[in-house]
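In what follows, a structure is listed as C-alpha cells, so that the remarks can point back to it.
Everything numeric here is computed off the predicted structure, so don't read it as measured data.
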Amino acid sequence: MSSPSPRVITSLTNDRVKAIRALEMRKERKETGLFVAEGASILVTAREAGFAPTSLVYQADGINSPTPRSLVGWALEAGADVLEVSEGVLSKLSAKDNPQTMLGVFKQRWGSLPKDAGKDDCWLALEEVRDPGNLGTIIRTVDAVGAKGIILIGNSCDPYSREAVRATMGSVFAVPLVRTTREEFLAWRASWRGDVVGTHLDGREDFRRAAYQGPVLLVMGSEGPGLSESLTRSCSRLVKIPMAGKLDSLNLAVATALTLYQIRGGALKM
C-alpha cells in the first residue's frame, strides 16, 4: 500500500481552497467548528499540544527546511488533507500582512465551566470582549501566567478568528476556552469557593495590595462599558488599578495582564 502524499492544487476555484477561504467568516467557523492557524511555529505549538489538523496547506517551495517538512509528515500521518499550492493560491488563503508559507485547519475545542478548582487555581472570565486582538493577547497572557482557562461570557468576539489566533502566538492550543451566557455564569458562580475579583472604577482596594483568597476567579468587563451591574454584584472583591495620569482606565489586555500577574505572583505563587 502506497504512503499518502500531498495533492497539488493551483486553482483558486478548487472546492477545498474555497472551503478554507470561507473560514474567514464567523458564520462558517461556527457551522463547521473549524478554524485556521498560520505559520510553521504556531503549527509546531499545535502539534506539541496534541492537536492534529484536518487540512494542511503549504506553498510548493516553502518546505525546504526540516521543520516544515516534519509538519507535512505529521499532517499526512494524522490523515489530514495535505495540499501543495502555488504562491497565488496561498496568498488568497493567508493574511495580507506578513503572509505565511504554511497554514493548518483545526477543529475548535470548547470546554465546560469548571466543576472544581484547587486552592492555587486561577480562572479568568471575560464579559463580552469585543476586540479579537485583545482577546488573542489575553489568551497568550493566561498561558504565560499558568492560569487554568478563560470563560467567555455573553456576546464575545471569536477566539478562533484569524486575528485572535495570530495574537495568541499559539497559546490558543494550550488554554482551555469556555463559552456561556451571563445567566449560566451567575448560577455557576454561586459554587465558586474562593475570591471572585472584579476590576472596577468603584473598587476600594489597590489591586497590588489585595489579599487574594484562592482559588481566584478574575472577572474583566468589555472594552468601554466595563463590567455589567449583575457581574459587578457577583464579585466578592472589587479592585482598582491606580492611574497617575489623566486617563481612568487601561487597555483591556494590559489591565488583565497586570492583574493576573499580581494574583499569580502574589497569593498564588507562580
I need the Gln262 CD to Leu218 CG distance, nearest 0.5 Å. 11.5 Å
Taking the side chain from Arg162 and the backbone from Val36, do they hold a donor-acceptor pair closer than 3.5 Å? no
Hydrogens and angles aside, do Gln59 and Ser86 bring a side-chain donor and acceptor to less than 3.5 Å of each other? no
Pairing donors with acceptors under 3.5 angstrom, does anything connect the side chains of Ser55 and Arg16? yes
Just checking Phe106 against Tyr160, ring centres under 6.0 Å apart? no
CZ of Arg166 to CD of Gln100: how many Å apart, nearest 0.5 Å? 6.0 Å
Hydrophobic clusters here meaning ILVMFWY residues chained together by side-chain heavy-atom distances under 4.5 Å, can you tell me if Ile150 and Trp188 are in one? no
If Ile, Leu, Val, Met, Phe, Trp and Tyr residues are connected whenever their side-chain heavy atoms lie under 4.5 Å apart, and connections chain through other members, are Val105 and Met25 in the same group? no
Would a 4.5 Å heavy-atom cut-off, applied to side chains only, mark Met102 and Leu56 as touching? yes
Looking only at non-hydrogen atoms, find the nearest pair between Ile151 and Pro114 and report the distance. CD1-CD, 4.3 Å
Locate the shortest heavy-atom distance separating Leu227 from Val219; write the atom from each residue and the value. CD2-CG1, 3.5 Å
Same cluster (ILVMFWY, side-chain, under 4.5 Å), Val145 and Leu217: no
Does the salt bridge (Lys or Arg N to Asp or Glu O under 4.0 Å) test come out yes or no for Arg7 and Glu84, once each step is laid out? CA-CA 6 Å; Arg7 290 192 292 145; Glu84 178 183 295; over 6 Å; no
Pi-cation contact, Phe51 with Arg109 (under 6.0 Å, within 45°): yes
Are Trp192 and Phe185 an aromatic pair, judged by ring center distance below 6.0 Å? no
Taking every heavy atom of Thr137 against every heavy atom of Ala167, the minimum-distance pair comes out as N-CB, 3.9 Å
Side chains of Thr67 and Ser65: is there a donor and an acceptor less than 3.5 Å apart? no
Contact summary for Cys157 and Arg130, nearest pair of heavy atoms: CB-O, 3.5 Å
Side-chain heavy atoms nearer than 4.5 Å, only ILVMFWY residues, links allowed to pass through others: does that put Trp123 and Val197 together? no
Looking only at heavy atoms, which two atoms of Gly221 and Leu252 are closest? And how far apart? O-CD1, 3.4 Å
Within-4.5 Å side-chain heavy-atom neighbours: Leu135 and Pro132: no
